[in-house]
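Read through the structure below, which is laid out as structure tokens, and then see the notes.
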Amino acid sequence: MRKLIALLCITGFLISCGGSKKVTSTRTERTVPRRTTVTKIERTTKETTPKEPSREVIKPLPAASYNDKVKRYIFEFSDIAKNEMKTYGVPASITLAQGILESGAGHGELTQKAKNHFGIKCHDWEGDRVYHDDDRSQECFRKYDQASDSFRDHSLFLKDRKRYSKLFTFNQKDYKSWARGLREAGYATDKKYPQKLISIIERYHLYEYDNDVLGRTNRRRENKAEAVVVMTPAPVSTPTPNPSGGHIVRKGDTLYSISRRYKISVQELKSYNNLASNNIKIGQILKITAEEEEEDFN
């Protein structure tokens, strides 16, 4: 009996302990892996060269024409040519024309590398020299430090050599004789050398630089030919009208002014009046039209 009671007590005790015991259950969450969709993106890479900064396209200037080169040459060296004329007597027109022709207006190969503007060869030259193809291969030519030295040597070359002495007997205004004389003295072998020089002188009016040195201008020469001072023996108050229809010379009249008034040339006016010179006198009656010739037959 005691064993039974003891057994019941133990059983009851166990039951009470089991009922008060807190049961905790740990719930493990199952993590479901997320499906990630990977989209494959294909990239097409092109090789790109870095862009250069935009540059303004500058067109090259057109090459200067031969005419422009000649004018530039004249502008640059005319004063030197005139100084050489004053010092040594070589016409500035001849010096400039030879320089233009021989140097290619300053752009020739010999001029560029030796500042030799006149194609003068070595001869008895003791200075610097260069070799250049001319009449023969690799001929010796004089070399200068500056262009003005070439111009001075050109003057001395003509002045100091006996074979060019005839040139200095010509008038300094007579560039045609100087051009022909250079060829005859052997300065150049080209038979057309004189014509080429004369053509350059006349085309670019290089004779005007001779006139500058000699103290003359074309305008003065024209005025001398056209306007003549009227000889005034005595003042005349009022000219008497000419019944023949001619012109009575008044104070201040010249052949040129009279010809302009009647729209004829000076030469025609002189021809109508058989004038040998341009001198006229106040009160003189000048014919302003040609006399009508009598016909041989009626």
Side-chain angles (χ1 to χ4, degrees), residues 60-121 130 132 134 141-159 164 167-168 170-185 187-223:
L61 294 174
S65 66
Y66 178 75
N67 187 53
D68 291 336
K69 292 177 182 178
V70 171
K71 289 181 179 179
R72 192 176 303 138
Y73 187 93
I74 295 169
F75 177 80
E76 186 172 357
F77 298 111
S78 57
D79 286 342
I80 296 177
K82 289 193 290 185
N83 288 333
E84 294 301 314
M85 181 177 179
K86 292 175 185 177
T87 305
Y88 294 99
V90 181
S93 60
I94 288 292
T95 300
L96 287 171
Q98 282 194 279
I100 292 167
L101 182 60
E102 297 286 349
S103 74
H107 289 262
E109 182 182 349
L110 181 62
T111 305
Q112 292 291 317
K113 66 183 181 182
K115 294 183 172 60
N116 189 328
H117 285 247
F118 300 94
I120 300 180
K121 298 178 182 178
V130 295
H132 179 74
D134 193 54
F141 287 86
R142 302 181 182 192
K143 183 179 180 181
Y144 307 96
D145 292 330
Q146 51 191 4
S148 59
D149 295 337
S150 179
F151 278 76
R152 174 53 52 89
D153 193 40
H154 170 259
S155 299
L156 293 172
F157 188 83
L158 298 180
K159 189 74 174 177
Y164 296 113
L167 294 174
F168 295 89
F170 300 138
N171 192 306
Q172 288 179 313
K173 296 183 296 180
D174 189 4
Y175 58 84
K176 292 183 180 180
S177 293
W178 276 82
R180 297 186 188 102
L182 283 166
R183 169 71 177 86
E184 292 170 0
Y187 190 97
T189 57
D190 186 356
K191 294 180 180 180
K192 295 183 179 180
Y193 194 75
Q195 288 79 5
K196 290 179 180 179
L197 292 181
I198 293 170
S199 176
I200 293 172
I201 291 171
E202 294 180 346
R203 178 178 180 182
Y204 296 100
H205 308 289
L206 301 183
Y207 46 77
E208 292 180 357
Y209 299 102
D210 300 335
N211 293 333
D212 289 345
V213 175
L214 298 173
R216 301 180 178 89
T217 63
N218 289 340
R219 174 56 54 189
R220 289 177 185 176
R221 289 206 304 272
E222 289 174 3
N223 290 343

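- At least one side-chain heavy atom of Leu182 sits under 4.5 Å from a side-chain heavy atom of Leu158.
- Screening Phe118, Tyr88, Phe157 for a ring pair (Phe, Tyr, Trp, His ring centres under 6.0 Å) with Phe151, the sole residue that qualifies is Phe118.
- Counting heavy atoms from C-beta on, the side chains of Tyr207 and Lys173 never come closer than 4.5 Å.
- Expressed to the nearest 0.5 Å, how far OG of Ser155 lies from NZ of Lys159 amounts to 10.0 Å.
- Formation of a donor-acceptor pair under 3.5 Å by the Arg183 side chain with backbone atoms of Asp190 is found in this model.
- Other residues, nucleotides and ligands contribute at most 12 non-hydrogen atoms within 6.0 Å of the NZ atom of Lys71.
- Counting only heavy atoms from C-beta outward, the side chains of Thr95 and Ile80 never approach each other to under 4.5 Å.
- Tyr73 and Leu96 make their closest contact through CE2-O, 4.2 Å (heavy atoms, listed as atom of the first residue, atom of the second, distance).
- Taking NE2 of His117 as the start and CG of Leu110 as the end, the distance is 9.5 Å to the nearest 0.5 Å.
- Inter-residue side-chain proximity for His154 and Ile120 is flagged as met; some heavy-atom pair is nearer than 4.5 Å.
- Here the CG-CE distance, from Asn83 to Met85, works out to 11.5 Å after rounding to the nearest 0.5 Å.
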Inset, instruction - Please report the C-alpha distance between Glu76 and Arg72 in whole Å, then the side-chain angles of each, then the deciding distance to 0.1 Å, and finally whether the salt bridge (Lys or Arg N to Asp or Glu O under 4.0 Å) criterion is met. - result: CA-CA 6 Å; Glu76 186 172 357; Arg72 192 176 303 138; over 6 Å; no

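- The backbone N or O of Asp79 lies less than 3.5 Å from no partner atom in the side chain of Glu84, so there is not a single donor-acceptor pair.
- Here the straight-line distance linking atom CG of Leu167 with atom CD1 of Ile94 works out to 8.5 Å at 0.5 Å rounding.
- Side-chain contact check for Ile201 versus Tyr209: every heavy-atom pair is 4.5 Å or farther apart.
- Of all heavy-atom pairs between Gly106 and Gln112, the closest is O-NE2, 2.8 Å.
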Inset, instruction - For side chain to side chain contact (heavy atoms under 4.5 Å, CB included), just list the numbers for Ser150 and Lys115, CA-CA rounded to whole Å, side-chain angles, deciding distance to a tenth of an Å, and then say yes or no. - result: CA-CA 7 Å; Ser150 179; Lys115 294 183 172 60; 5.6 Å; no

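- The minimum heavy-atom distance linking Lys121 with Arg142 is given by the pair O-NE, 3.0 Å.
- Residue Tyr144 forms a side-chain hydrogen bond (donor to acceptor under 3.5 Å, both in side chains) with just one option from Asp149, Asn116, Asp153, and that option is Asp153.
- Summarising the geometry of Ser103 relative to Thr111, their closest heavy-atom pair is CB-OG1, 3.0 Å, with the distance given to 0.1 Å.
- Nearest approach of Phe141 to Gly119, heavy atoms of both residues: CE2-O, 3.5 Å.
- Here the side chain of Asp210 pairs a donor or acceptor atom with the backbone of Ser93 at under 3.5 angstrom.
- Taking the centre of each ring, Phe170 and Tyr175 stay at or above the 6.0 Å mark.
- Going from atom CG of Leu214 over to atom NZ of Lys86 covers 10.5 Å, rounded to the nearest 0.5 Å.
- When all heavy atoms of Tyr204 and Ile74 are compared, the pair lying nearest together is CB-CD1, 3.8 Å.
- Between Gln98 and Tyr187 there is a side-chain heavy-atom pair separated by less than 4.5 Å.
- Checking side-chain atoms of Gln172 against main-chain N and O of Gly89 turns up a donor-acceptor pair under 3.5 Å.
- Looking at Arg180 and Glu184, no side-chain N of the basic residue comes within less than 4.0 Å of a carboxylate O on the acidic one, giving no salt bridge.
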